[in-house]
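Side-chain atoms are counted along with the backbone in the values below, which use heavy atoms only and exclude waters and symmetry mates. Computed from a predicted structure; not experimentally measured.
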Amino acid sequence: MTASNTILTDVFGRRHNYLRISLLEKCNLRCTYCMPADGIALSPKASLMTADEIFAIAETFVKNGVDKIRLTGGEPLLRKDFPEIVSKLSELEISLSITTNGILIDRHIDTLKQFNVKKINLSLDTLVSSKFASITLRNQFEKVIDNLHLLLNNDFHVKVNVVLIKGFNDNEIVDFVKLTQFLPISVRFIEFMPFAGNEWDRSKMVSQKEILFLVETAFAEDEIQKLEDEKNFTSRNYKINGFQGDFGIISSITNPFCDSCNRIRLTADGKIKNCLFSNSETDLLTAFRNGESITDLISESIQNKKKVRAGMATVNEINDPALHFDNRSMIAIGG
């Protein structure tokens, strides 16, 4: 193992080669599981990373072994300098992708094509226009659907992220799976997770077991194919035989995948989070602006990573709001 790889390898032997960078905390939707009802206090613009700082900090990670970067938000396409950021990052030897709500895709599709950003995670929690408006508080359903087809017509690799909330969209699980019959997409069902202000409780969560039960009720056993899990997987993937696309389940609560975790998060204000569930952060941006090396700070953060979900190893611990109430809201972490 090289010295560079050692910096991004934790005490459990997990090598972190995947960096998720949040570009900003703003969004043009108001999804209730992501943003508190009364909003969040936004970081001052001066405290957010500039395009040059994003590139320089990302370059440090790449020099130490990161080969995959995903741009998130908020909504990353709201950054006015998004084309500049993508242009700079495309100079690095990485696989570059984004997570978006899809509303602004048509404005930026030429930039995405120019810099070979072909892997898109698109957030879409319902196939019903009225329900879309109720959870996002915006009437943008048709726009998102149009841009989904725009991506597919331009040969983008699209994953559709569906956060499941019991009583809201769990009755659409089979509909989403059926969508993969006609569209070459990967639908990924995501268990509802606890963050500051999103009023999480276990009764709202739809588990992996419940998802599979509904799918197995709708399709014959010999129609459902379990796909091989990717290295460092988050999603356990399945396919209905003969369908163009596939579907997967991201079960961070009921069946976590921490053993193979290779992800690091960098917030829009330059703080590194070594786990989505952790309320611990390390300030890289201040050190960078002071002309200090950030390599030791990165290494320290990685070495402090817990084995499972920021130390919340059991369901009872996840159920205890005292252990996660002071984490950021999802919109301020980055999807």
Side-chain angles (χ1 to χ4, degrees), residues 18 20 22 27 29-35 70 72-75 97-102 119-128 131-132 135-136 144 148 158-177 179-180 185-215 227 229-230 232-238 245-258 260-263 265 273 275-277 308-310 312 315 318 324 327-335:
Y18 181 11
R20 302 172 69 102
S22 175
C27 188
L29 297 180
R30 292 293 182 271
C31 301
T32 55
Y33 58 81
C34 180
M35 181 182 289
R70 175 173 296 277
T72 70
E75 172 49 49
S97 57
I98 69 167
T99 295
T100 174
N101 59 33
K119 295 180 179 180
I120 312 293
N121 282 17
L122 190 147
S123 299
L124 179 64
D125 300 314
T126 178
L127 298 173
V128 180
K131 289 169 69 173
F132 182 95
I135 196 162
T136 67
V144 175
L148 168 60
V158 180
K159 293 180 179 179
V160 175
N161 288 344
V162 185
V163 175
L164 291 175
I165 301 175
K166 190 166 292 185
F168 173 72
N169 59 356
D170 52 327
N171 63 341
E172 295 186 65
I173 290 171
V174 173
D175 292 334
F176 271 106
V177 173
L179 198 63
T180 68
I185 58 176
S186 295
V187 172
R188 309 196 312 168
F189 299 113
I190 303 173
E191 290 181 344
F192 185 31
M193 293 178 282
F195 298 101
N198 74 351
E199 299 181 359
W200 182 89
D201 69 63
R202 188 173 174 81
S203 68
K204 297 179 181 180
M205 196 187 69
V206 185
S207 70
Q208 172 178 288
K209 183 178 180 180
E210 292 170 301
I211 296 167
L212 288 176
F213 175 79
L214 290 170
V215 174
L227 302 179
D229 292 328
E230 300 174 352
N232 305 118
F233 72 93
T234 58
S235 176
R236 294 173 172 89
N237 298 322
Y238 301 81
D246 53 59
F247 70 96
I249 303 169
I250 300 178
S251 51
S252 303
I253 304 298
T254 64
N255 197 10
F257 35 81
C258 302
S260 61
C261 183
N262 65 335
R263 289 164 296 285
R265 283 178 161 80
K273 290 178 70 74
C275 176
L276 179 61
F277 290 100
V308 178
R309 286 181 308 215
M312 292 181 285
V315 172
I318 284 287
H324 51 69
N327 195 1
R328 296 190 186 214
S329 300
M330 187 63 189
I331 192 168
I333 297 173

Do the side chain of R70 and the main chain of I98 share a donor and acceptor less than 3.5 angstrom apart? yes
Can you name the ring pair (Phe, Tyr, Trp, His ring centres under 6.0 Å) partners of F176, sequence neighbours left out? none
Considering only heavy atoms from C-beta outward, does the side chain of R188 approach that of T234 to under 4.5 Å? yes
Checking T100 against E75: is there a side-chain donor and acceptor pair closer than 3.5 Å? yes
Taken to the nearest 0.5 Å, the spacing of S22 OG from R20 CZ works out to 10.5 Å
Salt bridge (charged side-chain N to carboxylate O under 4.0 Å, His left out) partners for D229, two or more places apart: K226
Mind checking the CZ-CG spacing from F132 to L124? Nearest 0.5 Å is all I need. 6.5 Å
If you round to the nearest 0.5 Å, how far is CD1 of I173 from CD1 of I211? 5.0 Å
Test I250 against every option in I190, V162, L164, V163 by the side chain to side chain contact (heavy atoms under 4.5 Å, CB included) rule and name the one that passes. I190
In this structure, OG1 of T126 is separated from CD1 of I165 (nearest 0.5 Å) by 11.0 Å
4.5 Å side-chain heavy-atom contact, E210 and D170: no
S123 to T99 - nearest heavy-atom pair and separation: OG-CG2, 4.3 Å
Would you check, one step at a time, whether the test side-chain contact (heavy atoms from CB on, under 4.5 Å) holds for F168 with I135? CA-CA 9 Å; F168 173 72; I135 196 162; 3.5 Å; yes
Side chain to side chain donor-acceptor pair (under 3.5 Å) partners of N171, counting only residues at least two apart: K131
Between OG on residue S251 and NZ on residue K209, distance to nearest 0.5 Å: 13.5 Å
Which residues satisfy the ring pair (Phe, Tyr, Trp, His ring centres under 6.0 Å) test with F189, sequence neighbours excluded? none
Taking side chain to side chain donor-acceptor pair (under 3.5 Å) as the definition, give me every residue that meets it alongside N169, ordered by chain and number, with sequence neighbours left out. none
Side chain to side chain donor-acceptor pair (under 3.5 Å) filter on S186, not counting sequence neighbours, yields D246
With rounding to the nearest 0.5 angstrom, report the CD to CG distance, E172 to L179. 10.5 Å
In chain order, what residues pass the ring pair (Phe, Tyr, Trp, His ring centres under 6.0 Å) check against Y18, with sequence neighbours excluded? none
For T136, which residues count as a side chain to side chain donor-acceptor pair (under 3.5 Å) partner, sequence neighbours excluded? none
Exam field: side chain E191 to backbone Q208, donor-acceptor pair closer than 3.5 Å: yes
